[in-house]
**Student:** 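Below are the structure tokens for one structure; questions will follow.
Keep in mind it's a predicted model, so treat the numbers as computed, not measured. Quick note: residue numbers are just sequence positions, from 1.
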Amino acid sequence: MSMLTLLFSLALSTATTETPTTKPTTETAAKPDKKPKLVCRRLANTGSRLPERECRTQEDWDRLADTVSQQLKSAK
């Protein structure tokens, strides 16, 4: 019985010591899917003493600024 236990432990130790030399491709494919960083700004709310906090991505803030700019230009 002890011989069987010895063989079993030897088999497990050799199986767990093997390390792959290359990284799996799934790890490198997952890196480009990073979440965009949120940028939070305090917005002054007219009629209130407490400012509101709004968080958006930088791309969203830029798009909002362009939209407001276009609306102001068309209002002239």
Side-chain angles (χ1 to χ4, degrees):
M1 189 87 154
S2 64
M3 183 61 103
L4 183 60
T5 307
L6 180 63
L7 288 174
F8 186 66
S9 64
L10 182 63
L12 283 177
S13 67
T14 59
T16 57
T17 57
E18 295 177 13
T19 57
T21 56
T22 59
K23 292 183 179 180
T25 56
T26 56
E27 287 181 18
T28 57
K31 287 184 181 179
D33 295 338
K34 291 182 180 179
K35 292 183 181 180
K37 184 178 178 181
L38 289 178
V39 177
C40 297
R41 296 182 182 173
R42 288 186 176 181
L43 304 175
N45 189 4
T46 305
S48 176
R49 293 183 187 181
L50 301 174
E52 291 182 14
R53 185 174 171 189
E54 191 169 338
C55 299
R56 300 177 183 219
T57 62
Q58 185 61 47
E59 183 177 299
D60 289 341
W61 284 116
D62 294 340
R63 191 177 314 122
L64 181 64
D66 290 340
T67 302
V68 169
S69 177
Q70 288 175 0
Q71 288 176 349
L72 288 174
K73 286 180 183 178
S74 67
K76 287 184 179 181

**Student:** Would you check if Thr57 and Leu38 make a side-chain contact, meaning some heavy-atom pair closer than 4.5 Å?
**Tutor:**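 In contact.
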
**Student:** Sorted by first residue and then second, give each salt bridge (charged side-chain N to carboxylate O under 4.0 Å, His left out) pair with at least one member in residues 42-54; sequence neighbours left out.
**Tutor:**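 Sorted pair list: Glu54-Arg56.
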
**Student:** Below 4.5 Å, heavy atoms only, C-beta onward: do Leu64 and Asp60 meet side chain to side chain?
**Tutor:**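 They are not in side-chain contact.
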
**Student:** If you round to the nearest 0.5 Å, how far is SG of Cys40 from CH2 of Trp61?
**Tutor:** 8.5 Å

**Student:** Would you say the side-chain atoms of Thr67 pair up with the backbone N or O of Arg63, donor to acceptor, closer than 3.5 Å?
**Tutor:**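 Confirmed, Thr67 side chain pairs with Arg63 backbone.
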
**Student:** Examine the side chains of Gln70 and Asp66 and answer whether a donor and an acceptor come within less than 3.5 Å of each other.
**Tutor:** no

